[in-house]
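Data first, discussion second: the structure below is written as structure tokens.
The chains referred to below are lettered A, B, ... by the order of the sequence lines, with proteins before strands, and numbering in each begins at 1. What you are looking at is a predicted structure, and each value in this text was computed from that prediction instead of being measured.
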Number of protein chains: 2
Amino acid sequence: MIASSAMSVRRLQIREIVLNSALYLFSQKGYFSTSIPDIVCHSGVSTGSIYHHFADKQDIARALYDRHVTQMEVMFDDIEQQHGQVEVRCREIILALFELTEKEPMVMAYMLRTRHQEFMPDVAPVCSSRPFQHMRDVVLKGMNEGEIRQMDVMVATVCVFGGALEFIQFHLDGILEKPLSECFDELWRHVWASVKA
Amino acid sequence: MIASSAMSVRRLQIREIVLNSALYLFSQKGYFSTSIPDIVCHSGVSTGSIYHHFADKQDIARALYDRHVTQMEVMFDDIEQQHGQVEVRCREIILALFELTEKEPMVMAYMLRTRHQEFMPDVAPVCSSRPFQHMRDVVLKGMNEGEIRQMDVMVATVCVFGGALEFIQFHLDGILEKPLSECFDELWRHVWASVKA
DNA sequence: GTCTATACTGCGATAGAC
DNA sequence: GTCTATCGCAGTATAGAC
């Protein structure tokens with residue numbers, strides 16, 4: 001029992017090592033320009049071992065995607081737990097995304113800048129992913145409860161979060177001189193002004 | 001002279017045929033999932049002929065990129081010629097992008113959704129491309145002339161154009177039920193309200 | 001300039017010893 | 001479960017006839 005539990009811990013460790021190397025390489029060079037030998041070399045895990053833990057290359061990409069969709073869902077759920085007001089929720093979501101971008105830029109690069117559908121045929125478009133659905137739902141709630149002006153839900157969602165997401169892309173491209181955190185207040189003020197009831 | 005001119009017309013024709021097939025395939029399946037045989041098959045131009053007109057696969061992608069960067073620059077220059085007021089210029093730029101998206105979705109898909117740096121090492125990030133610089137400059141002019149409130153230029157640019165670009169992505173993902181043109185007025189009203197002086 | 005046939009490379013995936 | 005060695009193949013690019 002203890003042995004099997006230790007084994008499965010070890011099993012998870014190897015998976016994590018491979019996933020972290022894949023995250024680095026995929027976010028740096030992209031999925032197609034990263035070969036299995038690249039992952040072997042960077043992770044120190046052998047080809048055979050990688051294929052023991054993952055079905056194929058695509059399966060690595062999928063596990064990575066799932067891991068970080070979950071990470072973001074947890075993040076958003078926490079915010080929902082802690083804050084009831086829609087204005088605050090939206091603000092905290094953008095703040096959390098900015099913080100994640102600065103702390104774990106590879107995660108954001110892989111999640112936002114990758115065309116996952118190009119190599120995972122059955123994945124939904126980013127904007128149908130659960131984290132994005134969450135953003136849409138917050139905005140919808142804001143409109144139903146009168147915090148946000150009545151308008152098309154997609155237009156409102158894009159007004160609230162579109163600028164921030166674009167901003168994150170710029171930061172990942174390295175063309176912003178200032179850190180994201182310094183731009184947050186100014187961005188948020190204008191964004192919220194454009195939709196608040 | 002006439003012969004050589006006719007030759008070069010023919011030369012350009014073949015290039016255009018190949019580029020148009022590449023545009024279709026790249027925007028549909030992505031650069032890496034599109035093989036030279038795919039392009040041969042779709043364009044009806046033989047492998048040898050393709051390699052006579054282009055140095056390699058990357059060169060096709062680059063020619064395509066240049067062609068449409070130019071197309072967008074021309075579009076934006078026309079707007080600049082016809083309209084002096086910054087508010088109108090910004091509005092017309094977004095309108096032009098929406099129209100291009102509906103008329104030539106493959107062009108927008110290739111330009112906006114492709115990570116060109118993944119296969120063209122020396123290309124600048126999208127946001128440093130000339131069309132994007134143009135948007136930034138219009139916003140800057142608006143701030144200098146008092147049409148747009150004083151703030152960080154990138155924040156303002158993102159407030160004005162970020163939502164529209166995000167919206168276009170959603171449309172390309174096929175998750176918007178309405179056509180872009182129907183959302184334009186509402187989007188524009190809120191966007192401009194968030195930055196106007 | 002355009003074609004067909006093919007050479008070459010590098011990758012994804014597997015086999016099989018330990 | 002992990003490793004090394006290797007197979008088979010897809011895909012880029014070239015050679016060379018026409």
Could you tell me whether [X] and [Y] make a salt bridge, using a distance below 4.0 angstrom between a side-chain N and a carboxylate O?
X      : Y     : result
A:E16  : A:R67 : yes
B:D137 : B:R89 : no
B:R130 : B:D77 : no

Between A:H116 and A:Y110, what is the ring plane arrangement, given parallel below 30°, perpendicular above 60°, and tilted in between?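 A:H116 vs A:Y110 ring planes: perpendicular.
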
Using 30° and 60° as the class limits, which term best fits the ring planes of A:H134 and A:F76: parallel, tilted or perpendicular?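 Tilted.
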
Measure from NZ or CZ of B:K57 to the centre of the six-membered ring of B:Y31, then state whether that distance is under 6.0 Å and the direction lies within 45° of the axis.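 Cation-pi check for B:K57 and B:Y31: passes.
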
Could you tell me if the side chain of [Y] sits less than 4.5 Å from the side chain of [X], heavy atoms only?
X      : Y      : result
A:I168 : A:L172 : yes
A:Q28  : A:T34  : no
B:F119 : A:S33  : no

Contact class for A:S46 vs. all strands (heavy atom < 4.0 Å): base, sugar-phosphate, or nothing?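 Base contact.
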
Under 4.0 angstrom, heavy atoms only, what part of the nucleic acid is B:T34 near: base, sugar-phosphate, or nothing?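 Answer is sugar-phosphate: B:T34 comes under 4.0 Å of backbone atoms only.
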
Let me spell it out: for each of A:F32 and A:G48, pick the nucleotide of DNA chain C with the closest heavy atom. Which residue's pick is nearer the 5' end?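 So the residue in question is A:F32.
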
Within this structure, what is the [atom1]-to-[atom2] distance between [X] and [N], rounded to whole angstrom?
X     : N      : atom1 : atom2 : answer
B:I36 : C:dT4  : CD1   : P     : 15 Å
B:I60 : D:dG11 : CD1   : P     : 15 Å
B:D38 : D:dA10 : CG    : C1'   : 11 Å
B:K29 : D:dG11 : NZ    : C1'   : 12 Å
A:H53 : D:dG1  : NE2   : P     : 7 Å
B:D56 : D:dG11 : CG    : P     : 17 Å
B:F54 : D:dT12 : CZ    : C1'   : 16 Å
B:Y51 : C:dA5  : OH    : P     : 18 Å

Are A:H52 and C:dT14 close enough that a side-chain N or O sits under 4.0 Å from OP1 or OP2?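 Checking A:H52 against C:dT14: no side-chain N or O falls below 4.0 Å of OP1 or OP2.
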
Side-chain N,O (A:S49) to OP1/OP2 (D:dG1) below 4.0 Å: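 No, no such contact exists.
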
My validator wants the stems of DNA chain C: runs of 3 or more consecutive Watson-Crick or G-U pairs, both distances under 3.5 Å, written as range with range.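 Consecutive-pair runs (3 or more) involving DNA chain C: C:1-18 with D:1-18.
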
Positions of residues 15-26 of chain A (non-hydrogen atom under 4.0 Å from DNA chain C), listed by number: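 Those residues whose heavy atoms fall under 4.0 Å from DNA chain C, taken from residues 15-26 of chain A, amount to none.
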
With respect to the side chain of [X], which nucleotide from [options] is positioned closest?
X     : options                : answer
B:V45 : C:dC3, C:dT2, D:dT12   : C:dC3
A:I14 : C:dT14, C:dG12, D:dT2  : D:dT2
B:T47 : D:dT14, D:dT12, C:dT14 : D:dT14

Atom NE2 of B:H171 and atom SG of B:C183: how far apart are they, to the nearest 0.5 Å?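 One gets 9.0 Å once the value is rounded to the nearest 0.5 Å.
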
